[in-house]
Structures are given as C-alpha cells and as structure tokens.
Number of protein chains: 2
Amino acid sequence: MRQGNKASPARALERALHRLEDLCRERGQRLTRPRRAVLAKLLTAGRALSAYELLDLLRPEDGKSTAASVYRTLDFLMALGIVHRLESTRSFVLCEHPGGPHWVQFLICRRCGQVVEAEDERIAAATERLGQRLGFALDQRIVELTGVCEGCRGSAARH
Amino acid sequence: MRQGNKASPARALERALHRLEDLCRERGQRLTRPRRAVLAKLLTAGRALSAYELLDLLRPEDGKSTAASVYRTLDFLMALGIVHRLESTRSFVLCEHPGGPHWVQFLICRRCGQVVEAEDERIAAATERLGQRLGFALDQRIVELTGVCEGCRGSAARH
DNA sequence: CCGTACTTGATACAAAGTATCATCTGCAAC
DNA sequence: GTTGCAGATGATACTTTGTATCAAGTACGG
C-alpha cells in the first residue's frame, strides 16, 4: 500500500532481491540461498514474524533450515539494514525505508499486529538532545509505540 | 546519587517498602513476602537485573523462589508502576520516578550497564504527535536509548 | 575450473517466559 | 484473637527464544 507492494507483490519481491544483491556486492558479502529465502518470506508475509514463525515458513521448501540458521540470516540482514527487530514483540520486519542508516520508530497495533515504520525528525532530534543532556553518546535508539490503529478502533469500537 | 539512595541504602529500602505498602493498601492488593523480597533485591542491587539474576539472588534466602514466582511478582510490581522492564536487555529496574503514570525513556550504557530513567517532555510530545498523525491511540511507549555514558567514555577512551 | 574464506547444517544447549493446579496465607470481618 | 476465603504462592512441567560449536559445503574472485 505504502509502496505499492500489495499491488504487485511479485514486482516488489524482485525489487527487494535486487536490492539485496546490490548491497551484498557493495559490501563484499555473499548472496546465499537462505539469505534470499528469508528476505522473500518476510516480504510475502507482509508483517512482522518471529524467528520461529519464519522457520515454519521456510522448512516446507528447505528442510535444512534451523533456528540457528534463521537467526544468523536475520542478523546478517539486520547488519545490512534491510530488516529490523521489534524488541517488544521479539519479531522481525522488513525495513520500509531502505537507504542509508537512519533512526526509525515503530508503531505497532496491538489488535491487528500491523507495524508502521516512521522516520520522525522531532523524535530523532529530541532523543539526540536527551542523550547529550545526560552525557550519553547514543548508538542505538529503540522507539516502539504500541496502541490501536485507526482501522481497528473503527471496526471494533468500545471493545 | 540522584535521590541519595547510595548515601543511606537502609533508609532507601525502608522508604521503598513503605511505598509498596501504601500502594497495596490504596489498590486493595496484598503485601506478600515475595513482593517485598523482589523489591528489596532490585533496590539493593542498584541496577537492572534479569529475572533469572533476581532468582539467583532470592534463592539463598528463600529456596522456594521459582522463575514463575519471580515473573509473577515482577508483573505485579510493574502493574503498580514501581518496576519497569527494559525490552532491549530483557531486564527489570526499579522506577526512579515513583508517582502517577508517566511516559519515561531509558538511557542504557552498553559499557557499564548503568540505566538512567528520564521523563522528557519533548519526546513525550513528539511521540504523542506521531501517534496522532498516523492514527494510533497509543497506550505504551518504549523508548530505550543505548550508548556509552560520560564516565565510560572518559575512562576507556578510544576503546 | 580451482581454492579457500566464509557460510551453512546439524546438534546440543542456554536463557527467557508461561500454564496448570493443589496448597497456603493476608487481611477484612467478626 | 479467630475465622473464612479470594487471591497468592509453590511445584512442576513445558514452550518460546536465542547461542555455541564444529564439520561439511559453496559463492565467487582469480
């Protein structure tokens, strides 16, 4: 929706795989089957997945997947910056803002599980400022805002 | 330091236990031995502890502690608002700002483990605004900023 | 096509958190 | 005090999440 992924899922997958290929080449990293597979599953799922949900999706078409391999692959994709971990739900999502390093915030609907990735300047500035004020040189900023999204508030009012 | 806890730890413990007692009475909750014990351990530790670290501290003086009981007790203390969970380190800290419900942020030193709890108006406002902009009714805001604190930057420069 | 540095597969394990149910107890009412 | 009992604990077993190790396999530059 946000990027037309729903409109042409095959196209979006192709784009994501190309991006992965480029990033690997740029950084001298290998492009392997599990790396492609995990990226593909995250993309087609279209939502945050736990490592073990991912494992369940991968096994039918690659019986050799294990928890260890899934975690390794996720770590790799996170280092490339194309996957993020949601600490509050212990799950993993595709990055919606591929590009250079950035500080992002997540809004998570506790009803439908939808995850929206934001890049809010005010929050970035305010957190930086707070770090400076308290003498911290920040290198990671976890901002995860949980609530109920507009759709869910409308559809199930007062419940 | 911030509240003089280091200066008189026994006094601080006494204060914290009184606070727990008051809160329990106010809300019609029971004040039990494990609840006192967990609070005491968190206070005397003076830092964030994982549930299992807590368990290891509790067992010597109460062999009946179990993971389940520790988690139950932590959930209770969190509901009272006097303990917070740090998602990024899967650990628990005493609240430094007892009082009504509030939105807090944590700064965590990755070198020494120090945790500072802040209540920053700008961040509170910016996150609220972002939620509104994206149509989310927020009920939880996790903000955990990791980096290196002033002391650690000074003492181990360039490493 | 070769060589090898890096990655994977396989196994085992550690850490974190939850479910269930019988027993016990804090505390309000007497 | 003593008592009754809703609510908490204790005990056990289990699920979920994440890591360590090392032999075997493979992506990719030359």
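The model shown is predicted, which means the values in this text are computed figures rather than measured ones. The chains referred to below are lettered A, B, ... by the order of the sequence lines, with proteins before strands, and numbering in each begins at 1.
In this structure, the CG atom of A/L49 is 13 Å from the P atom of D/dG18, given to the nearest Å. Counting to the nearest Å, the P atom of D/dG7 and the CZ atom of B/R27 are 15 Å from each other. Distance A/L74 CG to C/dT7 P: 15 Å, rounded to the nearest Å. One can place OH of A/Y52 at 10 Å from P of D/dT19, the figure rounded to the nearest angstrom. Per the geometry, CZ belonging to B/R36 stands 13 Å off P belonging to C/dT25, to the nearest Å. Distance, B/D56 CG to C/dA14 P: 14 Å, rounded to whole Å. Straight-line distance from the CZ atom of B/R85 to the C1' atom of C/dT18: 12 Å, rounded to whole Å. Atom CG in B/L55 sits about 12 Å away from atom P in C/dA15, given to the nearest Å.
Of the two residues contacting DNA chain D, namely B/D62 and A/R33, the nearest-nucleotide position lying further toward the 5' end is that of B/D62. Comparing B/T89 and A/T73 along DNA chain C, the residue whose closest nucleotide (by nearest heavy atom) sits nearer the 5' end is A/T73. Both A/P34 and B/A51 sit near DNA chain C, but only A/P34 has its closest nucleotide nearer the 5' end.
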Open item on the list: For B/R25 and B/D22: C-alpha separation, side-chain torsions, deciding distance, then whether salt bridge (charged side-chain N to carboxylate O under 4.0 Å, His left out) applies.
Closed with: CA-CA 5 Å; B/R25 196 170 18 242; B/D22 292 346; 3.2 Å; yes
- [ ] Start with the C-alpha gap between B/E61 and B/K41, add the side-chain angles, then the distance that decides, and say whether salt bridge (charged side-chain N to carboxylate O under 4.0 Å, His left out) holds.
- [x] CA-CA 11 Å; B/E61 58 195 50; B/K41 285 302 176 202; 3.3 Å; yes
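The closest side-chain donor-acceptor pair between B/S88 and A/E87, if any, does not fall under 3.5 angstrom. In summary, the side chains of B/S50 and B/R90 do not present any donor paired with an acceptor at a separation below 3.5 Å, with no hydrogens or angles considered. A donor and an acceptor atom, one from each side chain of B/R141 and B/T127, are located under 3.5 Å apart.
By the 4.5 Å side-chain criterion applied to Ile, Leu, Val, Met, Phe, Trp and Tyr, A/V148 is assigned to no cluster and stands alone.
Checking C/dA5, C/dG9, D/dA8 against the side-chain heavy atoms of B/Q29 singles out D/dA8 as nearest. Across C/dA5, C/dT8, D/dG18, the shortest atom-to-atom separation from the side chain of A/F92 is found for D/dG18.
For A/T32 and C/dT8, the shortest distance from a side-chain N or O to OP1 or OP2 is below 4.0 Å. Phosphate proximity of C/dG17 to A/R90: present, with a side-chain N or O under 4.0 Å from OP1 or OP2. Proximity of B/Y71 to the phosphate of C/dG17: a side-chain N or O atom is located under 4.0 Å from OP1 or OP2.
Under 3.5 Å, the side chain of A/R30 and the base of C/dA5 form at least one donor-acceptor pair of N or O atoms.
No engagement by A/R25 is indicated, since no non-hydrogen atom pair under 4.0 Å with the nucleic acid exists.
For the pair B/A12 and B/L43, the tightest heavy-atom approach, listed with the atom from each and the gap, is O-CD1, 3.8 Å.
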At a cut-off of 3.5 Å, list every protein nitrogen or oxygen paired with a nitrogen or oxygen from nucleotides 11-15 of chain D, distance to 0.1 Å.
none

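By the 30° and 60° cut-offs, the orientation of the rings of A/H84 relative to A/H102 is tilted.
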